[in-house]
Amino acid sequence: MERQTKVIAIANQKGGVGKTTTVVNLAAALSARKRAVLVVDLDPQAHATLGLGLEKQQGISMYSVLTGRAEIADVIQPTKWDNLNVIPSEVDLAGAELEFGMREDRLEMIKNALAPVRDSGAFDYIILDCPPSLGIVMTSALVATDGVLIPIQAEYLAMDGLALITGSIERIRESVNPNLELNGIVFTMVNSVAKLTEDVMNEVRNHFGEKVYETVIPRNVRVSEAPSMGVPVVFLDSRSKGAQAYKAFAWEFQAKNPTRLSPVRPVQAPEPIATPEPVPETSKTIVPMIAPDVPFTQGQG
């Protein structure tokens, strides 16, 4: 079975929309479904790093790779969970906007840095946690990706941010990365009883159609508590509403973004059906025993 690595950026220039929480828990839920995941923390705040139970370390980040001080294989760190790895962030990334702004390859620098890992086929998904700004790092991240996943809150101010980032996606597609697409939009921190929430969600769904994921992430105390413990909520309390929502979202995300592809077999013409011989009335019909189908086990393949 062939594996095709997908690079997905999770981005929104508006902070406080559950961007990093979505990165951490989507990655964790996918890893629990036996998919190999690499999280690349490009946010200087390093919240994805901390949320996956790692500490910031000087020199262990994409900054060292982009400045030529380290190879990308040297900064990939394992987490305590199977199938889940991370390239941490560090404070030095905060100066990247100024330091990398004059580089000739500034738009392709993250794409070039990720190429050895992507080409290796070691991971099903490489998930980029972008900084909350439309600067050089986010732009370069979007150039490196196959698609952009946008988490938003169901409020009108969030819709302004949605217009900005979708405009950026369109400009990058037209100029640098023609394969870039809007992977989807996921509603986070949803208050299901608010009338405004329903109105905003309906408006976004009417405009973006199937690009909006069916799964929504509710407000949940356990989701808020998990980062302080360095454990994704899907592992901390798998029965909580937030964990259940992220697991359902991971299932929907994986279905829309498959990475395990079975080889295509040539279609053969069916054999001609022969006319059966008449069966004598005295003979007995023997019914062959057919073994029951093996049930599908979630996470296989």
Side-chain angles (χ1 to χ4, degrees), residues 2-11 19-20 22-24 26-27 30-31 35-44 46-49 52 54 56-57 59-79 83-90 92-93 96-97 99-101 103-131 133-150 165 168-169 172-173 175-183 253 257-261:
E2 181 184 355
R3 174 156 64 189
Q4 180 183 10
T5 302
K6 296 286 182 69
V7 182
I8 303 294
I10 299 185
K19 173 182 62 66
T20 298
T22 298
V23 170
V24 168
L26 173 61
L30 288 170
S31 72
R35 291 304 185 263
V37 183
L38 173 65
V39 172
V40 182
D41 192 349
L42 296 172
D43 190 338
H47 288 172
T49 301
L52 290 170
L54 279 77
K56 293 181 284 186
Q57 299 180 57
I60 307 297
S61 73
M62 279 296 290
Y63 178 81
S64 296
V65 178
L66 295 174
T67 55
R69 299 173 188 172
E71 297 294 329
I72 193 164
D74 298 330
V75 298
I76 297 176
Q77 305 296 300
T79 68
N83 305 314
L84 184 54
N85 295 267
V86 60
I87 296 179
S89 182
E90 61 175 317
D92 286 349
L93 267 174
E97 299 296 329
E99 184 172 352
F100 298 148
R103 286 177 56 158
E104 292 185 1
D105 68 338
R106 60 187 177 276
L107 294 181
E108 293 85 9
M109 61 182 182
I110 293 178
K111 177 181 179 180
N112 295 338
L114 289 175
V117 178
R118 179 173 189 165
D119 295 343
S120 72
F123 298 98
D124 290 282
Y125 300 101
I126 299 175
I127 300 177
L128 312 182
D129 184 21
C130 298
S133 66
L134 291 173
I136 292 296
V137 174
M138 180 189 279
T139 302
S140 184
L142 299 188
V143 173
T145 64
D146 300 309
V148 185
L149 175 63
I150 307 175
I165 192 166
S168 297
I169 292 171
I172 292 172
R173 182 192 298 119
S175 59
V176 188
N177 183 3
N179 297 320
L180 180 63
E181 64 175 6
L182 174 61
N183 177 271
F253 176 88
N257 303 277
T259 61
R260 307 287 180 89
L261 307 175

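- Across every non-hydrogen atom of V65 and A113, the tightest pair is CG1-CB, 3.9 Å.
- Of the candidates I8, L180, N183, V148 forms a side chain to side chain contact (heavy atoms under 4.5 Å, CB included) with just one, namely L180.
- Legend: residues meeting salt bridge (Lys or Arg N to Asp or Glu O under 4.0 Å) with D124, ordered by chain and number and at least two apart, are R3, R260.
- With contacts defined as side-chain heavy-atom distances shorter than 4.5 Å, the pair M62/V137 does not qualify.
- Residues A9 and L142 approach most closely at CB-CD2, 4.0 Å, considering heavy atoms.
- The two residues M109 and R103 come nearest to each other via the heavy atoms CB-NH2, 3.8 Å.
- Atom CG of L107 is separated from atom CG of N112 by 10.5 Å, given to the nearest 0.5 angstrom.
- Taking all atoms of both residues into account, the shortest heavy-atom contact from A48 to V39 is CB-CG1, 4.5 Å.
- The two residues I165 and I150 make their nearest non-hydrogen contact at CG2-CD1, 3.4 Å.
- Atom CZ of F253 and atom CZ of R35 lie 11.5 Å apart (nearest 0.5 Å).
- Residues that satisfy the side-chain contact (heavy atoms from CB on, under 4.5 Å) test with S89, not counting sequence neighbours, are D41, A46, T49, L93.
- For the pair S140 (side chain) and R106 (backbone), a donor-acceptor distance under 3.5 Å is present.
- To the nearest 0.5 Å, atoms NZ (K6) and CD1 (I126) are separated by 12.5 Å.
- Looking at residues two or more places apart in sequence or on another chain, you find no ring-ring contact (aromatic ring centres under 6.0 Å, His included) involving F123.
- Residues passing the salt bridge (Lys or Arg N to Asp or Glu O under 4.0 Å) test with D146 are R118, sequence neighbours excluded.
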Would L26 and Y125 count as a side-chain contact (heavy atoms from CB on, under 4.5 Å) if you check the C-alpha gap in whole Å, the side-chain angles of each, and the deciding distance to 0.1 Å? CA-CA 11 Å; L26 173 61; Y125 300 101; over 6 Å; no
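- Two residues are said to be in side-chain contact when any heavy atoms from C-beta on lie closer than 4.5 Å; H47 and D129 fail this criterion.
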Donor-acceptor pairs under 3.5 angstrom involving side-chain atoms of residues 66-75: please list them, not counting sequence neighbours.
residue, atom, partner, partner atom, Å
T67, OG1, Y63, O, 2.8
T67, OG1, S64, O, 3.2

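- The shortest heavy-atom contact between M138 and A11 is CE-CB, 4.0 Å.
- Listed by chain and residue number, I110, K111, L114 satisfy the side-chain contact (heavy atoms from CB on, under 4.5 Å) test with A144 (two or more places apart in sequence, or in another chain).
- For E90 (side chain) and G59 (main-chain N/O), a donor-acceptor pair under 3.5 Å exists by modelled atom type.
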Candidate pair V117 and I87, rule side-chain contact (heavy atoms from CB on, under 4.5 Å), full reasoning: CA-CA 12 Å; V117 178; I87 296 179; 5.9 Å; no
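- L149 contributes atom CG, which lies 8.5 Å from atom CG of N257 (distance to the nearest 0.5 angstrom).
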Apply side-chain contact (heavy atoms from CB on, under 4.5 Å) to the pair I10 and I127, showing each step before the final yes or no. CA-CA 7 Å; I10 299 185; I127 300 177; 3.7 Å; yes
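- Using a 4.5 Å heavy-atom cutoff, the side chains of T139 and V176 are not in contact.
- The distance from the OG1 atom of T79 to the CG atom of L84 is 4.0 Å, given to the nearest 0.5 Å.
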